[in-house]
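Input: a single structure, listed below in structure tokens.
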Amino acid sequence: MTETIAIIQARSNSSRLPGKALLPVGGYPSAVLAALRASNTGLETLVATSSEPEDDALGDTLGRHEISVARGPLDDVLARYALAATDLPEDCIVVRLTGDNVVPDGSLVQELVSAFYESRVEYLSQDSPQSRLPCGLGGEAFTVATLRRAHAHATSAYDREHVSPWIRRNCTAMIHTPRPIGAHDFSHLRCTIDDAEDYDRIVRLFADVADPIRVGWFELAQKLARLRGEPEFRVPYRISAGGVHSELTLGTAQLGMEYGIANRVGQPALPIAIRMVRQAVAHGVTALDTARAYGDAEAVLGEALTGAWRSRVEVVTKLDPLASLAQDASPSKVRAAVDDSVDRSCEALKSKTLSTLLLHRSAHRDAWGGAAWRRLLELRGQGKIGNLGASVYEPSEAFALLGEPAITHLQIPLNVLDWRWRESGFDRALTGRPDVVVHARSGLMQGLLADSASSSLWPASPGFDVAGCLRELRKLTAAFARDSVTDLCLAYVRSQPWITSVVVGCETPEQLNENLKLFCRPQLNAEQCAALESSLPKAPERLLNPSHWKFVYEQSAK
């Protein structure tokens, strides 16, 4: 077979866990253990670390264990890999591993190499969750020729720091699931070392292991699943717009204020809110929905996403509603208001940048002569904002925004009563914008659909039989063998193939637990969706648009 080498990147200057490459695991410095395990079947292995003086101790330690070392730029890891492969032939297969991940072993690497050789693709990875491996267990395979192409053409700091993004975008690629996985799914687990909590987990994983160098990766994965305190499942996900998106997005309005017409509990205390956010992320939730206008919600997330938690989830926030700006406000005032909103969000979230920022009102794209939108585009160009999008209320707003190339995220209201989206053909229009992520909110109409005793709380809707609607929902819940009306309503929205994720908020850990489990239940089939749509009464548009529920916002401001 073609020459093969495993190159493991490692460094000492981790901001979240300083010196982690030399922290002991199973009696060895962690980076040493990672290299010894990767080479435990005889595969040539090399550790690529930086040429900075702070990595001298790491280089010396690796040398004492007779592990080959290559050194290069600290932040340009792609260049470091290219330097490590300088003398290798172009057809040599490179397996990329990291010193953070001590669970991969020689058998896993060999199976990856064999699969890469047989697949004839240019890039093969064992990315979680698609591979069903725990986060941190998989590797990546590509040839030296592909590595050199990436080194020559990748220009962004992100591509060069993370080595493989350019390869993923520009080369033929596949996901590999190792044979021992069988019917198992370990993708809800985590075995990388990124912060102190991760390190404690790995120390416990290797405790009482007789031979930490040769113990099999699959045996360790099974033990990982048995460790106390680890999640037992992950919520389902979809691959959309080139990324992994959990079907459930945690809405955080309730964590920052008293929100929702059916909310009887109120805002949870900060420690409880932090625990809820982390519980959602631990179970595979990939996005958190928040806003500048959601009271303390951004600040709650800033406290919850310390350590490695921030790297595990995307925060989708919204621009301030800018209600204080006059319609004829000058461009300079508009720019200042936009900058203030973005800066305050960053401060509350404890982040230098915003991953995704939505217009809280879609009309702000064109308001003030487009000044707010132009400023957001400038901030995106400067790297202050990653993705731009908008929160909308009506299909007409969403249709208009599909024509804006910079819009890559839409949040829309959708529930079992909302006929507007299918009648407008919005789902068909989306086929022309595969880069757009669509999050659906109001799946339970702020809890009204799920609460059989809530008929008196509904907004005024003359001619609409609220009690009859709730009776029909209970009837269909039984007919479709769903756990509850909540299950039925959420399953309906989840079943729409054009919806990327469903935003659901909660006030208590118990509600969150219920929602996490409900999202693991089967979706509705097409026949059930059609029966649901034809059986329920047609709701008036005012009822479907929460922006007309004036008293909801009055209650939320208490």
Side-chain angles (χ1 to χ4, degrees), residues 155-159 241-243 249 251-253 256-257 287-299 301-302 305 310 313-394 396-412 433 435-439 441 503 547 553:
T155 57
S156 74
Y158 180 85
D159 284 354
T249 288
T252 65
M257 60 196 294
L288 305 171
D289 177 75
T290 190
R292 186 92 283 273
Y294 291 172
D296 299 327
E298 287 182 330
L301 296 185
L305 300 180
R310 186 173 303 276
V313 68
E314 177 186 11
V315 175
V316 179
T317 192
K318 303 178 188 71
L319 191 70
D320 186 273
L322 304 178
S324 62
L325 280 179
Q327 291 182 354
D328 59 351
S330 67
S332 61
K333 286 187 176 181
V334 174
R335 288 169 59 90
V338 170
D339 287 352
D340 181 66
S341 176
V342 170
D343 290 343
R344 286 176 178 269
S345 288
C346 288
E347 181 181 7
L349 291 167
K350 299 182 178 180
S351 176
K352 294 180 180 179
T353 61
L354 301 180
S355 176
T356 298
L357 179 67
L358 310 184
L359 294 171
H360 205 118
R361 296 176 178 144
S362 65
H364 286 171
R365 183 189 60 152
D366 300 317
W368 307 290
W373 183 244
R374 286 195 299 273
R375 182 54 181 159
L376 290 175
L377 291 175
E378 291 172 358
L379 292 172
R380 188 189 65 164
Q382 296 168 10
K384 186 79 171 183
I385 300 169
N387 304 304
L388 286 171
S391 174
V392 304
Y393 288 99
E394 309 280 353
S396 59
E397 295 176 297
F399 271 105
L401 293 173
L402 285 182
E404 171 58 68
I407 294 284
T408 57
H409 190 118
L410 289 175
Q411 187 184 106
I412 70 168
R433 289 293 309 273
D435 59 320
V436 174
V437 168
V438 181
H439 283 192
R441 67 177 186 273
V503 180
S547 67
Y553 296 105

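Side-chain atoms of T290 and E298 form no donor-acceptor pair, as typed in the model, at a separation below 3.5 Å.
The distance from the CG atom of D320 to the OG atom of S345 is 8.0 Å, given to the nearest 0.5 Å. Distance OG/S330 to CZ/R335: 11.0 Å, rounded to 0.5 Å. Once rounded to the nearest 0.5 Å, the distance linking CG of L377 with CZ of R365 reads 10.5 Å. Annotation: the span from M257 atom CE to D296 atom CG amounts to 9.5 Å, rounded to 0.5 Å. Here Q411 contributes atom CD and T356 contributes atom OG1; the two are 11.5 Å apart, rounded to the nearest 0.5 Å. Atom CZ of residue R374 and atom CD of residue E378 lie 8.0 Å apart, to the nearest 0.5 angstrom.
Of all heavy-atom pairs spanning S362 and L401, the tightest one is CB-CD1, 3.8 Å. Closest approach of V503 and H439 over heavy atoms only: CG2-CB, 3.9 Å. Nearest approach of A326 to W368, heavy atoms of both residues: O-NE1, 2.8 Å. Here the closest non-hydrogen pair linking A287 and V313 is N-CG2, 3.6 Å. Residues R361 and P321 share a closest heavy-atom pair of NH1-O, 3.2 Å. Scanning all heavy atoms of the two residues, the minimum distance from S391 to R441 falls at OG-NH1, 3.1 Å.
The side-chain heavy atoms of D339 and L379, taken from C-beta on, include a pair separated by under 4.5 Å. Contact annotation: the side chain of L354 approaches that of C346 to within less than 4.5 Å [non-hydrogen atoms, C-beta and beyond]. Side chains of L288 and L305 form a contact here, defined as non-hydrogen atoms less than 4.5 Å apart. No side-chain heavy atom of H360 sits less than 4.5 Å from a side-chain heavy atom of R292. Put simply, the side chain of V342 does not reach to within 4.5 Å of the side chain of R375, judged on heavy atoms. L376 is listed as a side-chain neighbour of I385, based on a closest heavy-atom distance under 4.5 Å. Considering only heavy atoms from C-beta on, D343 comes within 4.5 Å of K384 through its side chain. Considering only heavy atoms from C-beta on, L358 comes within 4.5 Å of H409 through its side chain.
Open room surrounds OH on Y158; 12 or fewer heavy atoms of other groups in view lie less than 6.0 Å from it.
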In sequence, state the C-alpha distance, the side-chain angles, and the governing distance for Y294 and D289, and then conclude on side-chain contact (heavy atoms from CB on, under 4.5 Å). CA-CA 10 Å; Y294 291 172; D289 177 75; 4.0 Å; yes
Please assess V334 against L322 for the test side-chain contact (heavy atoms from CB on, under 4.5 Å), listing each intermediate value before the final yes or no. CA-CA 9 Å; V334 174; L322 304 178; 5.6 Å; no
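Using a 4.0 Å cut-off between charged nitrogen and carboxylate oxygen, K333 and D340 do not count as a salt-bridge pair.
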